[in-house]
Number of protein chains: 2
Amino acid sequence: MNLSIAEENYVKAIYKLQDGDTAVTTNALAYELDTKPASVTDMAKKLKEKQLIDYEKYQGITLSSEGRKTALQIVRRHRLWECFLVDKLAFSWEEVHELAEELEHVRSEKLTNRLSEYLGNPTVDPHGDPIPDAHGKMVKPRPQTSLDQANAKRLVVTAVTDQSTALLAFLNAKGIGLGTQLEILAHYEYDNSIEIKIKHAPALTISEQVAKNIMVRPV
Amino acid sequence: MNLSIAEENYVKAIYKLQDGDTAVTTNALAYELDTKPASVTDMAKKLKEKQLIDYEKYQGITLSSEGRKTALQIVRRHRLWECFLVDKLAFSWEEVHELAEELEHVRSEKLTNRLSEYLGNPTVDPHGDPIPDAHGKMVKPRPQTSLDQANAKRLVVTAVTDQSTALLAFLNAKGIGLGTQLEILAHYEYDNSIEIKIKHAPALTISEQVAKNIMVRPV
DNA sequence: AAAATTATTTAGATTTGTCTAAATAATAAT
DNA sequence: ATTATTATTTAGACAAATCTAAATAATTTT
Ligand SMILES: [Mn+2]
Ligand SMILES: [Mn+2]
Ligand SMILES: [Mn+2]
Ligand SMILES: [Mn+2]
(Lines give C-alpha, C1' and ligand atoms only; values in the text may rest on other atoms or scores of the structure.)
(Ligands and ions follow the chains in the order given, each with its own letter.)
Protein backbone atom coordinates (compact mmCIF):
# COMPACT_ATOMS: atom_id res chain seq x y z
CA MET A 1 0.00 0.00 0.00
CA ASN A 2 1.61 3.22 -1.12
CA LEU A 3 0.45 6.13 1.00
CA SER A 4 0.85 9.81 0.33
CA ILE A 5 2.26 12.12 2.98
CA ALA A 6 -1.24 13.47 3.61
CA GLU A 7 -2.60 9.98 4.11
CA GLU A 8 0.22 9.13 6.50
CA ASN A 9 -0.48 12.24 8.53
CA TYR A 10 -4.14 11.29 8.81
CA VAL A 11 -3.36 7.72 9.87
CA LYS A 12 -0.96 8.97 12.51
CA ALA A 13 -3.44 11.54 13.79
CA ILE A 14 -6.19 8.93 14.03
CA TYR A 15 -3.82 6.70 15.97
CA LYS A 16 -3.04 9.55 18.32
CA LEU A 17 -6.65 10.48 18.95
CA GLN A 18 -8.12 7.01 19.12
CA ASP A 19 -8.40 5.95 22.72
CA GLY A 20 -8.98 2.21 22.88
CA ASP A 21 -11.85 1.44 20.54
CA THR A 22 -13.64 4.78 20.85
CA ALA A 23 -14.16 6.23 17.39
CA VAL A 24 -12.42 9.47 16.46
CA THR A 25 -14.79 12.25 15.42
CA THR A 26 -14.54 14.21 12.21
CA ASN A 27 -14.21 17.48 14.09
CA ALA A 28 -11.48 16.25 16.41
CA LEU A 29 -9.44 15.06 13.48
CA ALA A 30 -9.97 18.30 11.60
CA TYR A 31 -8.78 20.25 14.63
CA GLU A 32 -5.73 18.00 15.15
CA LEU A 33 -4.68 18.28 11.52
CA ASP A 34 -5.53 21.95 11.26
CA THR A 35 -7.92 21.37 8.40
CA LYS A 36 -11.68 21.45 7.77
CA PRO A 37 -14.25 18.77 8.65
CA ALA A 38 -15.25 18.52 4.99
CA SER A 39 -11.67 17.58 4.10
CA VAL A 40 -11.65 14.93 6.80
CA THR A 41 -14.80 13.35 5.42
CA ASP A 42 -13.22 13.27 1.97
CA MET A 43 -10.08 11.61 3.29
CA ALA A 44 -12.06 9.19 5.43
CA LYS A 45 -13.64 7.81 2.29
CA LYS A 46 -10.24 7.32 0.71
CA LEU A 47 -8.71 5.65 3.75
CA LYS A 48 -11.72 3.38 4.05
CA GLU A 49 -11.29 2.45 0.39
CA LYS A 50 -7.68 1.55 1.19
CA GLN A 51 -8.89 -0.46 4.19
CA LEU A 52 -6.82 1.50 6.68
CA ILE A 53 -9.82 2.61 8.71
CA ASP A 54 -13.31 1.51 9.61
CA TYR A 55 -15.72 4.27 8.82
CA GLU A 56 -19.46 4.61 8.43
CA LYS A 57 -21.19 7.91 7.85
CA TYR A 58 -21.76 9.83 11.07
CA GLN A 59 -20.18 7.01 13.10
CA GLY A 60 -16.64 8.30 13.41
CA ILE A 61 -13.35 6.65 12.48
CA THR A 62 -11.29 3.82 13.92
CA LEU A 63 -8.10 2.30 12.56
CA SER A 64 -8.27 -1.15 11.00
CA SER A 65 -5.53 -3.56 12.05
CA GLU A 66 -3.73 -2.70 8.83
CA GLY A 67 -4.09 0.98 9.67
CA ARG A 68 -2.76 0.43 13.15
CA LYS A 69 0.29 -1.33 11.78
CA THR A 70 0.90 1.56 9.40
CA ALA A 71 0.46 4.10 12.17
CA LEU A 72 2.97 2.33 14.37
CA GLN A 73 5.56 2.41 11.61
CA ILE A 74 5.10 6.14 11.15
CA VAL A 75 5.24 6.74 14.90
CA ARG A 76 8.39 4.64 15.06
CA ARG A 77 10.08 6.71 12.39
CA HIS A 78 8.90 9.96 13.98
CA ARG A 79 10.26 9.13 17.41
CA LEU A 80 13.52 7.67 16.16
CA TRP A 81 14.24 10.84 14.22
CA GLU A 82 13.44 12.86 17.34
CA CYS A 83 16.01 10.80 19.22
CA PHE A 84 18.53 11.35 16.47
CA LEU A 85 18.02 15.09 16.48
CA VAL A 86 18.34 15.35 20.25
CA ASP A 87 21.04 12.76 20.91
CA LYS A 88 23.25 13.29 17.89
CA LEU A 89 22.56 16.80 16.61
CA ALA A 90 22.02 18.44 19.99
CA PHE A 91 18.58 19.83 19.28
CA SER A 92 16.43 20.52 22.29
CA TRP A 93 13.19 18.68 22.86
CA GLU A 94 10.91 21.50 21.79
CA GLU A 95 12.55 21.81 18.36
CA VAL A 96 12.37 18.25 17.13
CA HIS A 97 8.71 17.52 16.64
CA GLU A 98 8.33 19.77 13.62
CA LEU A 99 11.37 18.31 11.88
CA ALA A 100 10.37 14.74 12.68
CA GLU A 101 6.99 15.54 11.19
CA GLU A 102 8.76 15.66 7.82
CA LEU A 103 11.48 13.06 8.33
CA GLU A 104 8.90 10.46 9.36
CA HIS A 105 7.67 10.30 5.76
CA VAL A 106 10.85 8.79 4.37
CA ARG A 107 9.60 5.23 4.10
CA SER A 108 12.54 2.87 4.15
CA GLU A 109 12.59 0.00 6.58
CA LYS A 110 16.30 -0.39 6.10
CA LEU A 111 16.92 3.24 6.94
CA THR A 112 14.60 3.08 9.94
CA ASN A 113 16.21 -0.04 11.33
CA ARG A 114 19.75 1.22 10.74
CA LEU A 115 18.86 4.48 12.43
CA SER A 116 17.40 2.64 15.40
CA GLU A 117 20.49 0.50 15.72
CA TYR A 118 22.75 3.54 15.39
CA LEU A 119 20.88 5.19 18.25
CA GLY A 120 21.19 2.06 20.40
CA ASN A 121 17.61 0.93 19.81
CA PRO A 122 16.06 3.50 22.12
CA THR A 123 12.69 2.62 23.66
CA VAL A 124 11.49 6.11 24.49
CA ASP A 125 11.74 9.39 22.58
CA PRO A 126 12.85 12.77 23.97
CA HIS A 127 9.34 13.44 25.28
CA GLY A 128 9.11 10.16 27.14
CA ASP A 129 6.89 8.48 24.55
CA PRO A 130 7.58 4.82 23.80
CA ILE A 131 9.10 3.88 20.43
CA PRO A 132 7.56 0.91 18.61
CA ASP A 133 10.10 -1.68 17.52
CA ALA A 134 10.32 -3.04 13.96
CA HIS A 135 7.30 -5.26 14.68
CA GLY A 136 5.24 -2.47 16.20
CA LYS A 137 5.77 -3.58 19.79
CA MET A 138 6.29 -0.91 22.42
CA VAL A 139 7.64 -1.30 25.93
CA LYS A 140 4.80 -0.95 28.36
CA PRO A 141 5.65 2.28 30.14
CA ARG A 142 6.18 1.84 33.88
CA PRO A 143 3.17 3.05 35.84
CA GLN A 144 3.06 6.82 35.84
CA THR A 145 0.61 9.53 36.83
CA SER A 146 0.29 13.16 36.02
CA LEU A 147 1.97 15.41 38.54
CA ASP A 148 -1.31 16.91 39.74
CA GLN A 149 -2.49 13.49 40.87
CA ALA A 150 0.73 12.10 42.29
CA ASN A 151 0.61 10.82 45.86
CA ALA A 152 4.27 10.23 46.57
CA LYS A 153 6.41 13.18 47.63
CA ARG A 154 9.61 12.37 45.77
CA LEU A 155 9.08 11.93 42.05
CA VAL A 156 10.90 11.65 38.76
CA VAL A 157 9.62 13.10 35.48
CA THR A 158 8.98 10.35 32.92
CA ALA A 159 7.10 12.05 30.10
CA VAL A 160 5.25 15.16 28.93
CA THR A 161 1.80 14.77 27.41
CA ASP A 162 1.38 18.20 25.81
CA GLN A 163 4.33 18.64 23.51
CA SER A 164 3.68 22.14 22.36
CA THR A 165 6.74 24.32 22.02
CA ALA A 166 5.19 26.67 24.57
CA LEU A 167 5.06 24.07 27.34
CA LEU A 168 8.43 22.54 26.51
CA ALA A 169 10.09 25.93 26.47
CA PHE A 170 8.47 26.73 29.82
CA LEU A 171 9.78 23.51 31.30
CA ASN A 172 13.24 24.27 29.94
CA ALA A 173 13.13 27.65 31.65
CA LYS A 174 12.21 26.01 34.94
CA GLY A 175 14.85 23.31 34.63
CA ILE A 176 12.35 20.50 34.25
CA GLY A 177 13.12 17.68 31.80
CA LEU A 178 12.85 13.93 31.47
CA GLY A 179 14.51 12.33 34.49
CA THR A 180 14.33 15.46 36.60
CA GLN A 181 13.76 14.56 40.23
CA LEU A 182 11.45 16.73 42.21
CA GLU A 183 9.71 16.92 45.53
CA ILE A 184 6.17 18.13 46.13
CA LEU A 185 6.15 20.75 48.84
CA ALA A 186 2.52 21.83 48.77
CA HIS A 187 -0.79 21.69 46.99
CA TYR A 188 -2.72 24.95 46.95
CA GLU A 189 -6.39 24.14 46.76
CA TYR A 190 -7.37 27.62 45.63
CA ASP A 191 -6.19 27.06 42.03
CA ASN A 192 -4.76 23.56 42.36
CA SER A 193 -1.27 24.89 41.79
CA ILE A 194 1.61 22.87 43.16
CA GLU A 195 4.80 23.96 44.84
CA ILE A 196 7.76 21.81 43.95
CA LYS A 197 11.44 21.72 44.69
CA ILE A 198 14.16 20.56 42.33
CA LYS A 199 17.59 19.83 43.75
CA HIS A 200 19.93 22.81 43.84
CA ALA A 201 17.21 25.23 42.79
CA PRO A 202 14.77 27.45 44.63
CA ALA A 203 11.25 26.10 45.09
CA LEU A 204 8.72 27.06 42.44
CA THR A 205 4.98 26.96 41.98
CA ILE A 206 3.44 25.57 38.82
CA SER A 207 -0.11 25.84 37.60
CA GLU A 208 -2.56 22.98 37.47
CA GLN A 209 -2.43 23.11 33.68
CA VAL A 210 1.30 22.51 33.67
CA ALA A 211 1.07 19.82 36.35
CA LYS A 212 -1.53 17.92 34.35
CA ASN A 213 0.90 17.57 31.47
CA ILE A 214 3.89 16.33 33.44
CA MET A 215 3.98 12.58 33.95
CA VAL A 216 5.87 11.27 36.96
CA ARG A 217 6.51 8.16 39.00
CA PRO A 218 7.81 7.72 42.54
CA VAL A 219 11.58 7.80 42.62
CA MET B 1 9.90 31.44 -1.50
CA ASN B 2 8.17 28.25 -0.54
CA LEU B 3 8.83 25.49 -3.04
CA SER B 4 7.04 22.19 -3.40
CA ILE B 5 9.00 18.95 -3.60
CA ALA B 6 8.28 18.78 -7.33
CA GLU B 7 9.61 22.29 -7.84
CA GLU B 8 12.76 21.47 -5.87
CA ASN B 9 13.35 18.39 -7.98
CA TYR B 10 13.06 20.47 -11.14
CA VAL B 11 15.45 23.14 -9.88
CA LYS B 12 17.99 20.52 -8.91
CA ALA B 13 17.67 18.73 -12.25
CA ILE B 14 18.12 21.98 -14.16
CA TYR B 15 21.22 22.69 -12.09
CA LYS B 16 22.56 19.24 -12.89
CA LEU B 17 21.95 19.50 -16.62
CA GLN B 18 22.95 23.11 -17.13
CA ASP B 19 26.52 23.27 -18.33
CA GLY B 20 27.79 26.81 -17.95
CA ASP B 21 25.24 29.09 -19.56
CA THR B 22 23.94 26.62 -22.13
CA ALA B 23 20.18 26.35 -21.81
CA VAL B 24 18.63 23.05 -20.76
CA THR B 25 16.17 21.63 -23.26
CA THR B 26 12.64 20.57 -22.46
CA ASN B 27 13.29 17.03 -23.62
CA ALA B 28 16.49 16.59 -21.63
CA LEU B 29 14.72 17.72 -18.48
CA ALA B 30 11.77 15.44 -19.14
CA TYR B 31 14.12 12.50 -19.57
CA GLU B 32 16.11 13.35 -16.44
CA LEU B 33 12.98 13.65 -14.32
CA ASP B 34 11.25 10.68 -15.93
CA THR B 35 8.29 12.77 -16.98
CA LYS B 36 6.80 14.14 -20.20
CA PRO B 37 7.90 17.23 -22.15
CA ALA B 38 4.43 18.73 -21.75
CA SER B 39 4.80 18.56 -17.98
CA VAL B 40 8.17 20.27 -18.20
CA THR B 41 6.70 23.14 -20.16
CA ASP B 42 3.97 23.54 -17.54
CA MET B 43 6.50 23.61 -14.73
CA ALA B 44 8.81 25.95 -16.64
CA LYS B 45 6.05 28.54 -16.65
CA LYS B 46 5.61 28.18 -12.92
CA LEU B 47 9.32 28.40 -12.15
CA LYS B 48 9.65 31.43 -14.38
CA GLU B 49 6.74 33.03 -12.51
CA LYS B 50 8.65 32.40 -9.29
CA GLN B 51 11.78 33.87 -10.89
CA LEU B 52 13.86 30.76 -10.35
CA ILE B 53 14.60 30.29 -14.04
CA ASP B 54 14.93 32.27 -17.21
CA TYR B 55 12.68 30.81 -19.84
CA GLU B 56 11.31 31.90 -23.19
CA LYS B 57 9.24 29.67 -25.39
CA TYR B 58 11.36 27.32 -27.48
CA GLN B 59 14.54 28.82 -26.00
CA GLY B 60 15.26 26.35 -23.23
CA ILE B 61 15.78 26.92 -19.53
CA THR B 62 18.56 28.42 -17.44
CA LEU B 63 18.63 29.01 -13.69
CA SER B 64 18.36 32.56 -12.43
CA SER B 65 20.80 33.53 -9.70
CA GLU B 66 18.01 32.94 -7.19
CA GLY B 67 17.41 29.53 -8.75
CA ARG B 68 21.08 28.67 -8.57
CA LYS B 69 21.16 29.56 -4.88
CA THR B 70 18.16 27.34 -4.28
CA ALA B 71 19.69 24.48 -6.26
CA LEU B 72 22.90 24.65 -4.28
CA GLN B 73 20.98 24.38 -1.02
CA ILE B 74 19.17 21.29 -2.24
CA VAL B 75 22.40 19.75 -3.52
CA ARG B 76 24.02 20.51 -0.18
CA ARG B 77 21.29 18.71 1.71
CA HIS B 78 21.33 15.79 -0.71
CA ARG B 79 25.05 15.22 -0.43
CA LEU B 80 25.19 15.71 3.32
CA TRP B 81 22.50 13.07 3.82
CA GLU B 82 24.44 10.75 1.54
CA CYS B 83 27.47 11.24 3.77
CA PHE B 84 25.37 10.56 6.83
CA LEU B 85 23.97 7.37 5.41
CA VAL B 86 27.37 6.05 4.38
CA ASP B 87 29.50 7.28 7.26
CA LYS B 88 27.10 6.81 10.14
CA LEU B 89 24.56 4.21 9.06
CA ALA B 90 26.95 2.06 7.03
CA PHE B 91 24.99 2.16 3.80
CA SER B 92 26.98 1.52 0.67
CA TRP B 93 27.38 4.17 -1.98
CA GLU B 94 24.89 2.70 -4.42
CA GLU B 95 22.06 2.72 -1.88
CA VAL B 96 22.12 6.29 -0.73
CA HIS B 97 21.06 8.36 -3.70
CA GLU B 98 17.45 7.23 -3.61
CA LEU B 99 17.10 7.93 0.11
CA ALA B 100 18.85 11.30 -0.16
CA GLU B 101 16.40 12.13 -2.94
CA GLU B 102 13.73 12.27 -0.23
CA LEU B 103 15.73 13.53 2.73
CA GLU B 104 16.95 16.52 0.71
CA HIS B 105 13.46 18.00 0.85
CA VAL B 106 13.48 18.62 4.58
CA ARG B 107 14.14 22.33 4.45
CA SER B 108 15.73 23.42 7.69
CA GLU B 109 18.93 25.39 7.65
CA LYS B 110 19.52 24.58 11.27
CA LEU B 111 19.18 20.86 10.62
CA THR B 112 21.39 21.06 7.56
CA ASN B 113 24.12 22.95 9.35
CA ARG B 114 23.99 20.75 12.43
CA LEU B 115 24.18 17.68 10.24
CA SER B 116 27.16 19.09 8.39
CA GLU B 117 28.93 19.86 11.63
CA TYR B 118 28.12 16.41 13.00
CA LEU B 119 29.71 14.85 9.93
CA GLY B 120 32.81 17.03 10.31
CA ASN B 121 31.81 19.43 7.53
CA PRO B 122 32.66 17.07 4.70
CA THR B 123 33.55 18.66 1.36
CA VAL B 124 32.81 15.69 -0.90
CA ASP B 125 30.02 13.14 -0.88
CA PRO B 126 30.35 9.36 -1.18
CA HIS B 127 30.48 9.64 -4.96
CA GLY B 128 33.26 12.20 -4.96
CA ASP B 129 30.96 15.15 -5.68
CA PRO B 130 31.71 18.41 -3.87
CA ILE B 131 29.33 19.57 -1.14
CA PRO B 132 28.34 23.26 -1.18
CA ASP B 133 28.86 25.00 2.15
CA ALA B 134 26.15 27.04 3.88
CA HIS B 135 26.86 29.92 1.47
CA GLY B 136 26.79 27.73 -1.62
CA LYS B 137 30.56 27.66 -2.06
CA MET B 138 32.15 24.40 -3.13
CA VAL B 139 35.78 23.39 -2.99
CA LYS B 140 37.20 23.43 -6.48
CA PRO B 141 37.92 19.77 -7.10
CA ARG B 142 41.58 19.02 -7.75
CA PRO B 143 42.22 18.47 -11.43
CA GLN B 144 40.90 15.09 -12.46
CA THR B 145 40.30 13.22 -15.70
CA SER B 146 38.24 10.24 -16.63
CA LEU B 147 40.16 6.99 -16.49
CA ASP B 148 39.99 6.45 -20.24
CA GLN B 149 41.93 9.66 -20.84
CA ALA B 150 44.44 9.44 -18.03
CA ASN B 151 48.09 9.74 -18.98
CA ALA B 152 49.80 8.84 -15.73
CA LYS B 153 50.24 5.19 -14.86
CA ARG B 154 49.55 5.29 -11.14
CA LEU B 155 46.21 6.82 -10.29
CA VAL B 156 43.73 7.30 -7.48
CA VAL B 157 39.94 7.25 -7.95
CA THR B 158 38.41 10.61 -7.01
CA ALA B 159 34.82 10.43 -8.23
CA VAL B 160 32.25 8.57 -10.31
CA THR B 161 30.18 10.48 -12.83
CA ASP B 162 27.47 7.92 -13.57
CA GLN B 163 25.90 7.12 -10.21
CA SER B 164 23.50 4.44 -11.33
CA THR B 165 23.16 1.52 -8.97
CA ALA B 166 24.32 -0.72 -11.82
CA LEU B 167 27.70 0.97 -12.18
CA LEU B 168 28.27 1.42 -8.47
CA ALA B 169 27.44 -2.21 -7.79
CA PHE B 170 29.82 -3.23 -10.56
CA LEU B 171 32.61 -1.14 -9.05
CA ASN B 172 31.91 -2.67 -5.65
CA ALA B 173 32.27 -6.13 -7.15
CA LYS B 174 35.62 -5.17 -8.65
CA GLY B 175 36.87 -3.55 -5.47
CA ILE B 176 36.93 -0.05 -6.92
CA GLY B 177 35.84 2.84 -4.71
CA LEU B 178 36.79 6.43 -3.90
CA GLY B 179 40.44 6.53 -2.97
CA THR B 180 41.26 3.22 -4.62
CA GLN B 181 44.73 3.31 -6.10
CA LEU B 182 45.26 1.61 -9.40
CA GLU B 183 47.80 1.19 -12.10
CA ILE B 184 47.12 1.13 -15.82
CA LEU B 185 48.69 -1.93 -17.39
CA ALA B 186 47.41 -1.64 -20.94
CA HIS B 187 45.06 0.07 -23.34
CA TYR B 188 43.45 -2.21 -25.90
CA GLU B 189 42.72 -0.19 -28.96
CA TYR B 190 40.27 -2.73 -30.35
CA ASP B 191 37.45 -1.69 -27.97
CA ASN B 192 39.28 0.93 -25.89
CA SER B 193 39.12 -1.34 -22.87
CA ILE B 194 41.73 -0.83 -20.18
CA GLU B 195 43.61 -3.34 -18.11
CA ILE B 196 44.23 -2.16 -14.59
CA LYS B 197 45.80 -3.51 -11.45
CA ILE B 198 44.67 -2.80 -7.92
CA LYS B 199 47.00 -3.65 -5.07
CA HIS B 200 46.63 -7.19 -3.75
CA ALA B 201 44.20 -8.18 -6.47
CA PRO B 202 44.53 -9.81 -9.85
CA ALA B 203 44.60 -7.51 -12.85
CA LEU B 204 41.27 -6.84 -14.52
CA THR B 205 40.02 -5.35 -17.74
CA ILE B 206 37.26 -2.77 -17.77
CA SER B 207 35.22 -1.49 -20.67
CA GLU B 208 35.53 1.97 -22.15
CA GLN B 209 32.05 2.78 -20.84
CA VAL B 210 33.12 2.06 -17.29
CA ALA B 211 36.43 3.87 -17.69
CA LYS B 212 34.67 7.00 -18.95
CA ASN B 213 32.73 7.21 -15.70
CA ILE B 214 35.63 6.82 -13.30
CA MET B 215 37.43 10.05 -12.45
CA VAL B 216 41.06 9.82 -11.40
CA ARG B 217 44.12 11.87 -10.69
CA PRO B 218 47.79 10.93 -10.56
CA VAL B 219 48.73 9.56 -7.16
C1' DA C 1 13.49 25.57 -50.92
C1' DA C 2 10.56 21.99 -49.90
C1' DA C 3 9.80 18.08 -47.31
C1' DA C 4 10.58 15.31 -43.42
C1' DT C 5 11.80 14.89 -38.83
C1' DT C 6 12.25 16.33 -34.23
C1' DA C 7 11.27 19.45 -30.38
C1' DT C 8 8.19 22.11 -27.99
C1' DT C 9 3.92 23.97 -26.74
C1' DT C 10 -1.16 24.08 -26.21
C1' DA C 11 -5.71 22.22 -25.20
C1' DG C 12 -8.23 19.55 -22.53
C1' DA C 13 -8.44 15.75 -18.84
C1' DT C 14 -7.36 13.49 -14.55
C1' DT C 15 -5.94 12.77 -9.66
C1' DT C 16 -5.04 14.48 -5.12
C1' DG C 17 -6.01 17.29 -1.47
C1' DT C 18 -8.09 21.05 -0.13
C1' DC C 19 -11.81 24.70 0.49
C1' DT C 20 -16.69 27.25 1.12
C1' DA C 21 -21.44 27.14 1.34
C1' DA C 22 -25.42 24.61 1.74
C1' DA C 23 -27.91 20.47 3.17
C1' DT C 24 -28.76 16.95 6.29
C1' DA C 25 -28.24 14.20 10.54
C1' DA C 26 -27.51 13.81 15.41
C1' DT C 27 -27.81 15.68 19.81
C1' DA C 28 -29.17 18.93 23.39
C1' DA C 29 -32.37 22.29 25.28
C1' DT C 30 -36.70 23.88 26.11
C1' DA D 1 -42.22 16.80 21.16
C1' DT D 2 -40.60 20.66 19.13
C1' DT D 3 -36.94 23.66 18.59
C1' DA D 4 -32.26 25.02 18.64
C1' DT D 5 -27.63 23.80 18.35
C1' DT D 6 -23.87 21.20 16.88
C1' DA D 7 -21.68 17.74 13.92
C1' DT D 8 -21.19 15.78 9.67
C1' DT D 9 -21.74 15.21 4.92
C1' DT D 10 -22.54 16.72 0.12
C1' DA D 11 -22.09 19.70 -3.86
C1' DG D 12 -19.35 22.29 -6.41
C1' DA D 13 -15.00 24.73 -6.96
C1' DC D 14 -9.93 25.34 -7.09
C1' DA D 15 -4.72 24.74 -7.32
C1' DA D 16 -0.88 21.57 -8.16
C1' DA D 17 1.13 18.23 -10.91
C1' DT D 18 0.67 15.28 -14.14
C1' DC D 19 -0.93 13.04 -18.66
C1' DT D 20 -2.44 12.27 -23.93
C1' DA D 21 -3.34 13.96 -28.29
C1' DA D 22 -3.08 17.57 -31.37
C1' DA D 23 -0.97 21.80 -33.05
C1' DT D 24 2.88 24.48 -33.99
C1' DA D 25 7.80 25.76 -34.23
C1' DA D 26 12.55 24.63 -35.15
C1' DT D 27 15.84 21.90 -37.32
C1' DT D 28 17.69 18.66 -40.54
C1' DT D 29 17.61 16.18 -44.89
C1' DT D 30 16.97 15.82 -49.42
MN1 LIG E 1 4.18 14.30 9.14
MN1 LIG F 1 7.94 12.91 20.57
MN1 LIG G 1 14.30 14.76 -4.48
MN1 LIG H 1 26.07 11.79 -4.56
Side-chain angles (χ1 to χ4, degrees), chain A residues 1-15 17-19 22-63 67 70-71 74 101-102 104-107, chain B residues 1-15 17-19 22-63 67 70-71 74 101-102 104-107:
Chain A
M1 189 83 57
N2 225 19
L3 298 188
S4 68
I5 289 177
E7 288 169 333
E8 284 198 339
N9 284 333
Y10 271 89
V11 167
K12 185 158 68 86
I14 296 164
Y15 175 84
L17 296 181
Q18 187 178 335
D19 192 7
T22 323
V24 177
T25 67
T26 304
N27 267 357
L29 203 44
Y31 182 79
E32 171 73 19
L33 289 167
D34 196 22
T35 181
K36 295 290 167 342
S39 306
V40 171
T41 301
D42 288 344
M43 184 60 94
K45 290 173 184 167
K46 257 182 284 184
L47 294 179
K48 181 185 180 172
E49 189 61 37
K50 294 195 172 189
Q51 310 201 33
L52 293 163
I53 62 171
D54 296 316
Y55 167 68
E56 295 300 332
K57 259 193 199 185
Y58 297 107
Q59 299 311 124
I61 295 169
T62 53
L63 286 178
T70 301
I74 304 166
E101 201 56 50
E102 305 195 39
E104 69 188 358
H105 300 294
V106 178
R107 270 171 296 262
Chain B
M1 187 81 59
N2 224 18
L3 298 189
S4 68
I5 289 176
E7 289 168 332
E8 284 198 339
N9 284 333
Y10 271 89
V11 168
K12 186 158 67 86
I14 296 163
Y15 175 83
L17 296 182
Q18 188 179 335
D19 192 9
T22 322
V24 176
T25 68
T26 303
N27 267 356
L29 203 43
Y31 182 79
E32 170 73 18
L33 288 168
D34 196 22
T35 182
K36 295 288 163 353
S39 307
V40 172
T41 301
D42 288 344
M43 183 59 93
K45 291 172 183 168
K46 257 182 284 180
L47 295 178
K48 182 187 180 169
E49 190 59 38
K50 295 195 173 189
Q51 311 200 31
L52 293 164
I53 62 172
D54 296 318
Y55 166 68
E56 296 300 334
K57 259 194 202 182
Y58 297 105
Q59 300 312 122
I61 296 168
T62 53
L63 287 178
T70 300
I74 304 166
E101 201 55 50
E102 304 195 40
E104 70 187 356
H105 301 293
V106 178
R107 269 172 295 262

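Values in this document were obtained by computation on a predicted structure and should not be read as measured data.
Put simply, CG on B/Asp34 is 11 Å from P on D/dT18, counting in whole angstrom units. Rounded to a whole Å, the NZ atom of B/Lys45 is 16 Å from the P atom of D/dA15. One interatomic measurement links the two molecules: OH of B/Tyr31 to C1' of C/dA7, which rounds to 17 Å at whole-angstrom precision. Atom CG of B/Leu33 and atom P of D/dT18 are 8 Å apart (whole Å). At whole-Å resolution of the value, CD in A/Glu7 and P in C/dT16 are 8 Å apart. One can place CG of B/Asn9 at 12 Å from C1' of D/dA17, the figure rounded to the nearest angstrom. Separating the CE atom of A/Met43 from the C1' atom of C/dT15 is a distance of 12 Å, rounded to the nearest angstrom. Rounded to whole angstrom, the span from the CD1 atom of B/Ile5 across to the P atom of C/dT16 amounts to 17 Å.
Taking all atoms of both residues into account, the shortest heavy-atom contact from B/Ala44 to B/Ile53 is O-CD1, 3.4 Å. Closest non-hydrogen pair, B/Ala23 versus B/Thr62, comes out as CA-CG2, 3.6 Å. Nearest heavy-atom pair, A/Gly67 versus A/Val11, reported as atom, atom and distance to 0.1 Å: O-CG1, 3.6 Å. A/Leu63 and A/Ala71 make their closest contact through CD1-CB, 4.0 Å (heavy atoms, listed as atom of the first residue, atom of the second, distance). The heavy-atom pair separating B/Pro37 from B/Ala30 by the smallest distance is N-CB, 3.6 Å.
Sorted by residue number, the members of residues 46-54 of chain B with any non-hydrogen atom under 4.0 Å from DNA chain D read B/Lys46.
Note: A/Leu33 CG to A/Tyr10 OH = 5.5 Å, rounded to the nearest 0.5 Å.
Phosphate proximity of C/dA7 to B/Thr25: absent, as no side-chain N or O sits under 4.0 Å from OP1 or OP2. Residue A/Asn27 places at least one side-chain N or O closer than 4.0 Å to OP1 or OP2 of D/dT8.
If you check every strand for non-hydrogen atoms under 4.0 Å, B/Thr26 touches sugar and phosphate atoms only.
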Its contact letters, B for base, S for sugar-phosphate only and - for none at protein heavy atoms under 4.0 Å, make nucleotides 20-26 of chain C read B---BS-
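Screening residues 46-56 of chain B for side-chain hydrogen bond (donor to acceptor under 3.5 Å, both in side chains) gives B/Glu7-B/Lys50, B/Lys48-B/Glu56 as the qualifying pairs, with residues at least two apart or on separate chains.
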